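A short write-up of the structure that comes next.
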Amino acid sequence: MALSQKYPRHDIDTIRNALVGIGRFSDKKIHYFDELDSTNTWLLEQSDPDGCICLAENQSAGRGRRGKSWQNSRSGSILLSLGWLLNRSDTQGVSLVSGIAVIKSLRGFGVQQVELKWPNDILIGGKKAGGILVEISGLNCVIGIGLNLMVSAPVAGKIDQPWVDLTSVGYQIDRDQLVVELVKNHDRVLTDFTARGFAGFAHQWNLANAHRGQPVQVVSGSRVISGVASGVDETGALLIVSGGLVHRIITGEVSLQLRRAKNQVVEYNEIID
């Protein structure tokens, strides 16, 4: 069956009607496109992104961290960006609470083995199913979410890391319903985060942490730290235990690697945001 038959275009009216009165994200602020260069880029260019939802069938230049790109099949992914005005200067942890919202949404459809990799990868069965890109200007925050529902063969050939899509692991999820749940869950977690910060979410994130208690390497610039991943603290910093010391990793420019054996490092590539 063709990809377009499995995953039809979004029914924007269905999505809009399901979001009436849910919170800050307004059903009147949904912007839907057949194609954009990037949903994040479009939303960042708006004068007032707060409460706005940007949704696209395809991205021609999806952006990732450190110059990487997001590969997607037309109508085979969730390509969603959300705008939110923070009322706190401490923005650390936004990508982590977004990950919690994504986890809640997927588990609501029965998706098993879905976990989080710090700072913003979505894993299913240890392979990348999606990613999150958070961009902040002042207190304006734009959160981009990309999830693989079905990756076509030509796109699959361009992906240079272990990946998975929901179809290949047996899940046929209505794209419109998934968008609705993603928006609703982000409204809830971002409201709480804005009021209280990340501390109340640390335990939830650690329960979903794919690498907690496992030996890892963290590379930040020229610095390499090897140790055991010990989850995140109340600020959202990644904790690595090594030689009796606890290292707090707060920069986003890191590469997390799972060490399976001595002198053997299997890298989990940077997320495609």
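All values below were derived from every heavy atom in this structure, side-chain atoms included, with hydrogens, water molecules and symmetry-related copies excluded. Quantities reported herein were computed from a predicted structural model and do not represent experimental measurements.
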Grab the two heavy atoms, one from Asn40 and one from Ser81, that are nearest each other, plus how far apart they are. OD1-OG, 2.5 Å

Minimal non-hydrogen separation, Gly231 against Asn209, with atom names: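 Where Gly231 meets Asn209 most closely, the heavy atoms are CA-ND2, 3.6 Å.
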
Who passes side chain to side chain contact (heavy atoms under 4.5 Å, CB included) against Asn185, sequence neighbours left out? Ala101, Lys104, Ser105, Glu181, Arg188

Side chain to side chain contact (heavy atoms under 4.5 Å, CB included) involving Ala210 - partner list, sequence neighbours excluded: Glu115, Leu123

Val179, Ile53, Val183 screened by side chain to side chain contact (heavy atoms under 4.5 Å, CB included) with Ile30, the one that passes: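 Per the side chain to side chain contact (heavy atoms under 4.5 Å, CB included) rule, the option paired with Ile30 is Ile53, out of Val179, Ile53, Val183.
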
For residues Thr235 and Asp233, is any side-chain donor paired with an opposing acceptor at under 3.5 Å?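 Note: Thr235 and Asp233 side chains meet the donor-acceptor criterion.
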
Looking just at side-chain N and O atoms, do Ser242 and His247 make a donor-acceptor pair shorter than 3.5 Å?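 There is no such pair (donor and acceptor under 3.5 Å, judged by atom type) between the side chains of Ser242 and His247.
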
[X] (side chain) donor-acceptor with [Y] (main chain) under 3.5 angstrom:
X: Asp176; Y: His10; answer: no
X: Gln217; Y: Val224; answer: no
X: Arg16; Y: Asp27; answer: yes
X: Asp50; Y: Leu85; answer: yes
X: Trp84; Y: His186; answer: no
X: Thr167; Y: Leu149; answer: yes
X: Gln113; Y: Val111; answer: no
X: Arg175; Y: Pro8; answer: yes
X: Ser26; Y: Lys28; answer: yes

Tell me whether [Y] is reachable from [X] by hopping between hydrophobic residues (I, L, V, M, F, W, Y) whose side-chain heavy atoms are closer than 4.5 Å.
X: Ile136; Y: Leu82; answer: yes
X: Val246; Y: Val228; answer: no
X: Ile22; Y: Ile145; answer: yes
X: Leu207; Y: Ile103; answer: no
X: Val142; Y: Phe33; answer: yes

Short N-O contact, Asp187 and Lys184, less than 4.0 angstrom: no

Can you tell me how far the [atom1] atom of [X] sits from the [atom2] atom of [Y], to the nearest 0.5 Å?
X: Asn206; Y: Arg212; atom1: CG; atom2: CZ; result: 4.5 Å
X: Ser95; Y: Ile100; atom1: OG; atom2: CD1; result: 10.0 Å
X: Thr194; Y: Leu86; atom1: OG1; atom2: CG; result: 5.0 Å
X: Ile173; Y: Leu166; atom1: CD1; atom2: CG; result: 5.0 Å
X: Phe25; Y: Lys29; atom1: CZ; atom2: NZ; result: 10.5 Å
X: Ile122; Y: Lys117; atom1: CD1; atom2: NZ; result: 11.5 Å

Please confirm whether the ring centroid of Trp205 lies under 6.0 Å from the ring centroid of Phe198.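 No, ring centres 6.0 Å or more apart.
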
Step by step, work out the side chain to side chain donor-acceptor pair (under 3.5 Å) result for Asn140 and Ser137. CA-CA 5 Å; Asn140 278 314; Ser137 176; 5.8 Å; no

My understanding is that only residues two or more places apart in sequence, or in another chain, count here; which of them pass side chain to side chain donor-acceptor pair (under 3.5 Å) with Tyr32? Arg9, Glu57

Tell me whether Gln92 at atom CD has more than 12 heavy atoms from other residues, nucleotides or ligands lying less than 6.0 Å away. yes

For a side chain to side chain contact (heavy atoms under 4.5 Å, CB included) check, start with the C-alpha distance between Leu133 and Asn120, then their side-chain angles and the critical distance, and finish with the verdict. CA-CA 7 Å; Leu133 173 63; Asn120 38 11; 5.9 Å; no

Heavy-atom check, side chain of Cys141 versus side chain of Val134, under 4.5 Å: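 Contact flag for Cys141/Val134 side chains = yes.
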
Could you walk me through whether Phe201 and Leu96 pass the side chain to side chain contact (heavy atoms under 4.5 Å, CB included) test, one step at a time? CA-CA 9 Å; Phe201 293 96; Leu96 303 186; over 6 Å; no

Test side chain to side chain contact (heavy atoms under 4.5 Å, CB included) on Cys52 and Leu43; report intermediate values, then the result. CA-CA 8 Å; Cys52 289; Leu43 202 49; 3.6 Å; yes

